[in-house]
Amino acid sequence: MTSPVRFALTTPLYYVNDVPHIGSAYTTMVADAIARFHRLKGNDVLFITGTDEHGQKIQRTAQEKGVDPQVHCDEIICSFKDLWQHYNIQYDRFSRTTAPNHAKIVAEFFQRVWDNGDIYLAQQQGWYCVACEEFKEEKDLIEDHHCAIHTNKQAEWRDEENYFFRLSKYQVQLETLYQENPDFIQPASRRNEVINFVKQGLQDFSISRVNLDWGFPVPTDENHTIYVWFDALLGYVTALLEDGEEVTLENALKKWWPINLHLIGKDILRFHAVYWPAMLMSANLPLPDKVFGHGFLTKNGLKMGKSLGNTIDPIALVNQYGADALRYYFLKEVELGKDGDFNETRFVNVVNADLANDLGNLLNRTLGMLKKYCKSEIPSLDLATIAADHPLKALGETLGDRTCAAYDNLNFTAACQQVLALIQASNKYIDDRAPWALFKAGEQAQVEEILLTILESVRLAAYLLSPVIPNLSNQIYRQLGFPGDFNRPEDLVNLAPFASHSRWGLPWSERTLTKAQPIFARLEVPEASA
Ligand code: MSP
């Protein structure tokens, strides 16, 4: 037997300046669907998420609340974990930058970079956006030195001695990396952005702060605190340590490094696609395979965010609509890589059309007809004997490969649309063939063929959509009498293996249908936006 493919992916480690909002939930939903797809294929997956807890932004937030920063962080991370549960996110590791292990990993990494001669002391002058935790160039600021992303926050002038990382030394190496690995930064538009940025000439950046206690001291100079990003990026590495293992970089890196995919928002692309690989080069460590920068969820065109305060409460949303509906909407309707405005009315209309009408009704009406025309017994028919030009078989037989290619390319929109096309074709097939008329005419064999080919199409759709709508897929599999729980990947491998279940034409002879129940109740358009 070949050993499973290893796949490790990360979300950003979220700032804990406030409880999570729908933007943080978006990245994590996407990452969860990717992780689930790989688990479905039988791959060995490590899905890392977590929180970025140091730095000025967090220290100030805690100060304003009048609590100790650690107490503040401990409180906020509960809302992240709770949110992930509500959205049915199955992460494997939750990396906290205040975890005791992390200090040691950061110190060891710092030392490597130091030993390589890439850290030096110099004067830093510039405008600092605390919300971004980043120095900004004058040209990147809008009126009155406000940040272009956090338009309600003014950048602060800093003039202090900092330790710098010699980023400029890695200019050529980075350019070669982008050239030789065209997939390293995706999508292509972001890749071009980074290439253009690097082309202008890289400048060293400061990796320490003074007058800041909330963070790790620079190992070689206790008067300085390590810059929050230099600390946070290493949270990806700390997360790789096994429980109880001695905390060393070598141990952390031995199984899961290099990470296959860092999924991030476009605002933090530079950190992941320029600074992070250069830091790793300096420490003489292998680089991650891919950085994907997705777009923003916006409200009236502005990035939704904790700092701007224009967010939607993800808990209220999921309590009202359920996880699968939201996952489906965000994955299908917001093309990964592009910005997407969240509009509640549109959301309700899309999920009602796709999940309640097209998918839910299809299952329901087919099971209804099976009851009426076949006493709810599965027709004893071998799908392999169905003609190759049968419209559902023809579509279904290539669907597994097409959908997997879309998932592999992180094109969830295409994956969902392709599966939906089979569902829509199935509805059309019922209308075209009118099994009720065939039944009346005594054409039992034809009725049975129609109904079974539709059930098989619904089954396949449920299987292929399970990374996106696992609970609905479970309900469909249950009603059709198939084993395997999409929330228990370890069981799936044996009970619903990818090689057979991702293909149209599975044997049905041993299946017994369970009670038919509507799988998705239509949602109501909210009154305010109706
Ligand atoms: N702490 C850093 C990441 C460190 S990773 C080592 C950070 N945190 S954040 O909480 O501000 O943002 C985390 C992620 O959420 C980013 O990828 C960001 O793009 C994403 N989003 C925040 N608001 C968003 C939207 N409105 N829409 C989509 N994603 C957004 O940056």
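Here the structure is a predicted model, which is why all the values come from computation and not from measurement. In this chain, numbering begins with 1 at the start of the sequence shown.
- Contact detail for V334 and K338: the closest heavy-atom pair is CG1-O, 3.7 Å.
- There is a side-chain donor-acceptor pair under 3.5 Å between E448 and Q444.
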For a side chain to side chain contact (heavy atoms under 4.5 Å, CB included) check, start with the C-alpha distance between V45 and L9, then their side-chain angles and the critical distance, and finish with the verdict. CA-CA 8 Å; V45 174; L9 79 161; 4.2 Å; yes
Determine, stepwise, if the pair N88 / D32 fulfils side-chain hydrogen bond (donor to acceptor under 3.5 Å, both in side chains). CA-CA 8 Å; N88 203 359; D32 183 65; over 6 Å; no
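- Cation-pi geometry between K332 and F412 is not met: the NZ or CZ atom fails to fall both under 6.0 Å from the ring centre and inside 45° of the normal.
- If you take CG on N427 and CG on D432, they are separated by 11.0 Å, rounding to the nearest 0.5 Å.
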Verify salt bridge (charged side-chain N to carboxylate O under 4.0 Å, His left out) between D52 and R96, making sure each step is shown before the conclusion. CA-CA 6 Å; D52 182 354; R96 295 186 62 181; over 6 Å; no
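- Residue D267 holds its CG atom at 8.0 Å from CD1 of I264, rounded to the nearest 0.5 Å.
- In this structure, a donor-acceptor pair under 3.5 Å is present between the side chains of D354 and Y328.
- R36 and N487 share a donor-acceptor pair across their side chains, judged by distance under 3.5 Å alone.
- Between S426 and L362, the closest heavy-atom pair is CB-CD2, 3.6 Å.
- The OG1 atom of T311 sits 7.5 Å away from the CG atom of D313 when rounded to the nearest 0.5 Å.
- Between D18 and K57 no salt bridge is recorded (no basic side-chain N to carboxylate O distance below 4.0 Å).
- Both tests pass for R511 against the ring of F482: distance under 6.0 Å to the centre and angle within 45° of the axis.
- Closest approach of C132 and W229 over heavy atoms only: O-NE1, 3.7 Å.
- The aromatic rings of F342 and F347 are tilted relative to each other, their planes meeting at an angle between 30° and 60°.
- Qualifying side-chain contact (heavy atoms from CB on, under 4.5 Å) partners for P518, counting only residues two or more places apart in sequence or in other chains: N364.
- Checked against ring-ring contact (aromatic ring centres under 6.0 Å, His included), F439 has the following partners two or more places apart in sequence or in another chain: Y373.
- Of the listed residues (V350, L355, V348), just one forms a side chain to side chain contact (heavy atoms under 4.5 Å, CB included) with Y329, and that residue is V350.
- The aromatic ring centroids of H294 and Y26 lie less than 6.0 Å from each other.
- Looking at L383 and K393, their side chains never come closer than 4.5 Å, going by heavy atoms from C-beta outward.
- At least one side-chain heavy atom of Q479 sits under 4.5 Å from a side-chain heavy atom of Q517.
- We find that D339 and K266 are joined by a salt bridge, their nearest charged nitrogen and carboxylate oxygen being less than 4.0 Å apart.
- The shortest distance between side-chain heavy atoms of L261 and D289 does not fall below 4.5 Å.
- No donor-acceptor pair under 3.5 Å is formed between the side chain of R93 and the backbone N or O of I48.
- Here the side chains of N319 and H86 are in contact, with some heavy-atom distance below 4.5 Å.
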Could you walk me through whether F292 and H262 satisfy the ring-ring contact (aromatic ring centres under 6.0 Å, His included) test, starting with their C-alpha distance in whole Å, then the side-chain angles of each, then the deciding distance to 0.1 Å, before giving a yes or no? CA-CA 6 Å; F292 191 105; H262 288 308; over 10 Å; no
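- Salt-bridge check for D485 with R488: failed, with every basic side-chain N at 4.0 Å or more from each acidic carboxylate O.
- When every heavy atom of A388 is checked against every heavy atom of A394, the shortest pair comes out as O-CB, 3.7 Å.
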Under the side chain to side chain contact (heavy atoms under 4.5 Å, CB included) criterion, do E242 and W256 qualify, and how do the steps go? CA-CA 10 Å; E242 300 296 333; W256 292 99; 4.0 Å; yes
N/O donor-acceptor pairs under 3.5 Å from side chains in residues 451-469, not counting sequence neighbours:
residue, atom, partner, partner atom, Å
T453, OG1, H390, NE2, 3.4
T453, OG1, E449, O, 2.9
T453, OG1, I450, O, 2.8
E456, OE1, R459, NE, 2.8
E456, OE1, W508, NE1, 2.8
E456, OE2, R459, NH2, 2.9
E456, OE2, G505, N, 2.6
E456, OE2, L506, N, 3.0
S457, OG, T453, O, 2.8
S457, OG, W504, NE1, 3.1
R459, NH1, Y477, OH, 2.8
R459, NH1, H501, O, 3.0
R459, NH2, H501, O, 3.4
R459, NH2, R503, O, 2.9
Y463, OH, A496, O, 3.0
Y463, OH, F498, N, 3.4
S466, OG, Y463, O, 2.8

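- Within the model, atoms SG of C404 and CG of D408 stand 6.5 Å from one another, a figure rounded to the nearest 0.5 Å.
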Could you go through the side chain to side chain contact (heavy atoms under 4.5 Å, CB included) check for L240 and K254 one step at a time? CA-CA 9 Å; L240 305 177; K254 72 183 174 215; over 6 Å; no
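- Within the 4.5 Å cutoff, the side chain of T345 has heavy atoms near those of the N343 side chain.
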Check the pair Q186, D183 against side-chain hydrogen bond (donor to acceptor under 3.5 Å, both in side chains), reporting the backbone distance first and the verdict last. CA-CA 6 Å; Q186 284 193 341; D183 287 344; 3.3 Å; yes
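- Salt bridge R346/E333: present, at least one basic N to carboxylate O contact under 4.0 Å.
- Contact record, T49 with Y14: OG1-CE1, 3.6 Å, taken as the closest heavy-atom pair.
- Distance CD/Q90 to CZ/R39: 5.5 Å, rounded to 0.5 Å.
- Here D44 pairs with K255 in a salt bridge; the nearest charged N to carboxylate O distance falls below 4.0 Å.
- Between Q320 and I315 there is no side-chain heavy-atom pair separated by less than 4.5 Å.
- Listed for the Y87 side chain is a donor-acceptor partner under 3.5 Å among the backbone atoms of P314.
- Here the side chains of W276 and P288 are in contact, with some heavy-atom distance below 4.5 Å.
- Among the candidates T11, T27, T10, V291, the single residue satisfying the side chain to side chain contact (heavy atoms under 4.5 Å, CB included) test with L263 is T27.
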Would you check, one step at a time, whether the test side chain to side chain contact (heavy atoms under 4.5 Å, CB included) holds for L523 with Y321? CA-CA 7 Å; L523 304 178; Y321 297 119; 3.6 Å; yes
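- Rounded to the nearest 0.5 Å, atoms CD (E344) and CG (N349) are 11.5 Å apart.
- Taking both residues in full, the closest heavy atoms of P286 and L280 are given as O-CD1, 4.1 Å, listed atom of the first, atom of the second, then distance.
- For the 3.5 Å distance criterion, the side chains of N352 and N357 fail to qualify, holding no donor opposite an acceptor.
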